Amino acid sequence: MSEFLEILPLTKTSFAPYGEVIEADPSKMRLINNGTTERFHALGQPVVVGAPERLIFNIFRGQPRQFPYSVGMMERHPFGSQSFMPLSGKPFLVGVSDDEGGRPGKPKIFLARADQGVNYFANAWHHPLMALGAVSDFLVVDRDNTAANLEEFFFETPYSIAEPDL
Ligand SMILES: NC(=O)N[C@@H](O)C(=O)O
Ligand code: NI
């Protein structure tokens, strides 16, 4: 019987060890364009390790996950950060793990609102995109040449996630 993982709200504090939360934080806001635009400044830092690879913009179109969902693996990108910002007005799930001697520990699952994105730090264990409820698009900024930038770990016993209460 696999262990069910609790779903927590996504907050800057809870997510801090794994990356940055991209959201319109009033403390980061400055008025620009003659007061007609609110700029929420420097919400996260895209990172490439090991030039000459480039940071690129992508769109990921994710199929909604079905529940109960089996979390059988985690992955990480040693040579760059990876950010996901919802474009379809839907919430999504974020899964991360601490590193425990080169392997991911028990995953932590966060529910990201439709107005929240995340930027995973380089080498942060995370689960691949988990869209919710409908096919959803995400703006993704990460390092080009992903082939050399992906490490996966498969759990002997998968964890489970119950249908989130949206
Ligand atoms: N492999 C890929 O491009 N996607 C994953 O990295 C992911 O985090 O969804
Ligand atoms: Ni990834």
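One-based numbering, in listed order, for ligands and for the atoms of each. Note that this is a predicted model, so its numbers are computed, not measured. Only heavy atoms go into these numbers, but all of them, side chains included; no hydrogens, no water, no symmetry mates. Sequence positions, counted from 1, serve as the residue numbers for this chain.
Residues D25 and S27 have side chains that bring a donor and an acceptor to within less than 3.5 angstrom of each other. Checked by atom type, the side-chain pair E75/H126 shows a donor-acceptor distance below 3.5 Å. H127 and Y69 share a donor-acceptor pair across their side chains, judged by distance under 3.5 Å alone.
The Ni ion (ligand 2) is closest to atom NE2 of H126 (considering only N, O or S atoms).
For the pair OE2 of E75 and NE2 of H77, the angle at the Ni ion (ligand 2) is about 90°; rounding is to 10 degrees.
The cluster map of Ile, Leu, Val, Met, Phe, Trp and Tyr, joined by side-chain heavy atoms under 4.5 Å apart, puts V94 and M74 in different clusters.
Counted within 6.0 Å of CZ on R61, heavy atoms from surrounding residues, nucleotides or ligands total 12 or fewer; the atom is thus considered open.
For ligand 1, the polar-atom distance check finds an N/O of E75 within less than 3.5 Å of one of the ligand's N/O atoms.
Note on Y120: not counted as a metal contact of the Ni ion (ligand 2), no N/O/S atom lying under 2.8 Å.
Proximity to H77 (heavy-atom distance under 4.0 Å) selects the following atoms of ligand 1: 6 (O). Set against the non-hydrogen atoms of H126, the atoms of ligand 1 under 4.0 Å away are 8 (O). Atom numbering of ligand 1 starts at 1 in the shown order; those under 4.0 Å from a heavy atom of P128 are 7 (C), 8 (O), 9 (O).
Note: H77 NE2 to Y120 OH = 8.5 Å, rounded to the nearest 0.5 Å.
Under a 4.0 angstrom heavy-atom cut-off, Y120 registers as lying outside contact with ligand 1.
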